[in-house]
Amino acid sequence: MNTIKSYIENHKNRFVEELIELLKIPSISADSEYKKDVLLTADFVLESLKKAGCDCVELCETPGNPIIYGEKIIDNNLPTVLVYGHYDVQPADPINLWESPPFEPIIKNTKTHPEGAIFARGACDDKGQMYMHVKAFEYMIAEKNLPCNVKFMIEGEEEIGSKSLSWFVPRNKEKLANDVILISDTGMISNEIPSITTGLRGLSYVEVEVIGPNRDLHSGLYGGAVANPINILTKMIASLHDENNIITIPNFYDDVQELSKDERNEMSKAPFSLENYKRALNIEDVYGEKGFTTNERNSIRPTLDVNGIWGGYMGEGAKTVIASKAFAKISMRLVPNQDWNKITELFINHFEKIAPKSVKVIVRAHHGGQGYVTPIDTIEYLAASKAYEKSFGKTPIPQRSGGSIPIVALFEKELQSKTILMGFGLDSDAIHSPNEHFGVWNYLKGIETIPYFYHFFSELWVK
Ligand code: BES
Ligand code: MN
Ligand code: MN
């Protein structure tokens with residue numbers, strides 16, 4: 001019988017080639033122009049699960065993009081692992097900043113990835129990480145090494161808020177019943193310092209519109225005498241943080257769980273170099289809420305950020321004009337226990353209240369979701385920890401992430417199971433940015449670690 005290590009050695013070229021094929025399909029969920037490619041990708045995932053050894057695979061229709069479901073049930077007395085991932089990707093723009101086309105994957109060596117990294121949109125988020133699970137499963141089937149039941153649920157709308165999955169999960173509770181949910185859609189500290197993601201932030205995403213006069217005006221004839229929506233919008237946005245970078249929306253922090261001194265102390269032991277952090281981003285200094293470290297600011301603290309702002313004349317040259325409208329997209333990252341609906345409401349009320357009479361304000365709520373924390377005193381965390389020990393030779397560090405996978409909190413609510421986040425990406429892999437990539441080493445390490453998790457989890461599990 002082959003071990004996972006020798007299986008990878010024998011098949012790694014094919015594993016990489018298959019992922020490259022998957023990455024060639026531009027499954028951009030945000031853009032309806034790519035609907036056909038989204039469906040092609042769903043088919044690709046379905047076929048790959050079938051080939052890897054699922055007994056039953058299904059393309060589940062939803063109001064939006066299909067969900068691919070597959071399962072291998074070997075014994076009802078054994079535990080069941082539910083694997084979740086997403087086959088959709090972020091848009092590739094700004095396209096001119098890519099060194100190679102986003103949907104023509106190539107392998108390049110980098111400083112962080114001396115053994116090569118695959119450059120393509122979705123390489124790390126999440127096609128590469130999702131596909132590790134398909135290949136790990138292929139191994140367990142091929143080498144008769146599957147210790148438990150497996151269910152796969154791979155969706156195509158994660159990057160746009162998982163609307164169809166929120167519709168699907170409550171309608172398929174029995175089908176999705178499981179003992180643990182396993183997801184690789186996050187990162188780790190570095191290839192030398194493995195970590196397990198133990199927290200995700202929640203999210204509230206809104207779009208604001210500030211409306212002034214009924215038409216664009218000459219900025220000489222009217223400037224200074226009527227409210228300029230862009231001036232007003234920027235002033236309003238600036239007022240959302242105080243001089244200590246604390247968010248000023250009343251009651252915003254009411255439900256924030258403060259960490260104890262001990263917990264913060266524990267967190268601060270995770271290896272982190274502020275100098276390297278600044279160098280990697282080419283910034284002179286960091287910035288953020290007073291009284292918290294960089295790692296705290298980007299994980300255990302809520303934030304408010306403008307993601308886009310526009311209005312007025314943006315073409316070439318100068319045009320003297322006061323625009324009639326100004327817009328911004330604003331995201332708030334939330335911490336566990338903050339309810340995203342409540343925060344959205346607080347934002348709307350506050351933003352309407354601080355608007356001067358001279359403008360009208362419309363706030364539209366986009367998607368959102370709750371945060372999540374994985375407890376570390378469970379058999380699934382222990383199993384994951386042992387799996388990393390076996391593949392990396394080091395005990396992984398539990399670390400809360402700043403990113404969001406809103407569906408994880410819904411899984412817990414609807415399916416009553418905990419999620420283990422075994423992410424193998426690095427922050428420097430540029431997810432959502434130009435030149436996204438995923439280390440070949442990371443890809444193969446993920447494939448190696450996953451079967452160990454299945455093994456330890458099944459061993460520790462008692463009915
Ligand atoms: N995989 C990411 C989330 C992530 C990345 C979490 C790295 C932790 C570490 C996911 O695909 C994503 O991009 N989520 C969005 C939210 C979603 C509702 C669009 C995010 O975090 O912005
Ligand atoms: Mn993702
Ligand atoms: Mn993403």
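Just follow the structure's listing: the first ligand is 1, and inside any ligand the first atom is 1.
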Name, closest N/O/S atom of Asp125 to the Mn ion (ligand 2): OD1
Please work out whether any backbone atom (N, CA, C, O) or any side-chain heavy atom from C-beta onward of Asp126 is under 4.0 Å from ligand 1, and answer side chain, backbone, both or neither. neither
Any side-chain to backbone donor/acceptor pair from Asn349 onto Leu346? Under 3.5 Å, distance only. no
Backbone N or O of Pro302 within a donor-acceptor pair of the Arg333 side chain at under 3.5 Å? no
Test your reading of the model: is there a side-chain donor-acceptor pair from Asn172 to the backbone of Leu176, 3.5 Å cut-off? no
Using a 3.5 Å cut-off on N or O atoms only, is Asp125 in polar contact with ligand 1? yes
Work out which heavy atom in Gln338 is nearest to a heavy atom in Ile343; give both atom names and the distance. NE2-CD1, 3.6 Å
Please state which part of Gln129 comes within less than 4.0 Å of ligand 1, counting heavy atoms only: side chain, backbone, both or neither. neither
Which atom of Ile447 lies closest to which atom of Ala136, heavy atoms considered: O-CB, 3.8 Å
Of all the N, O or S atoms in Glu159, the one nearest to the Mn ion (ligand 3) is OE2
From the list Ile407, Ile405, Asp126, side-chain contact (heavy atoms from CB on, under 4.5 Å) with Glu158 holds only for Ile405
At under 4.0 Å between heavy atoms, what of Glu159 touches ligand 1? The answer is both
Examine Asp185 and say whether one of its N/O/S atoms is closer to the Mn ion (ligand 2) than 2.8 Å. yes
Contact flag His86/the Mn ion (ligand 3), N/O/S atoms, threshold under 2.8 Å: no
Which option out of Ser404, Gly199, Pro406 puts a heavy atom nearest to atom 15 (C) of ligand 1? Ser404
For ligand 1, is any non-hydrogen atom under 4.0 Å from His432's backbone (N, CA, C, O), its side chain (CB onward), both, or neither? side chain
Any donor-acceptor pair under 3.5 Å from Thr449 side chain to Ser391 backbone: no
Given that the side chain starts at C-beta and the backbone is N, CA, C, O, which of these parts of Ser162 lies under 4.0 Å from ligand 1, counting heavy atoms, or is it both or neither? neither
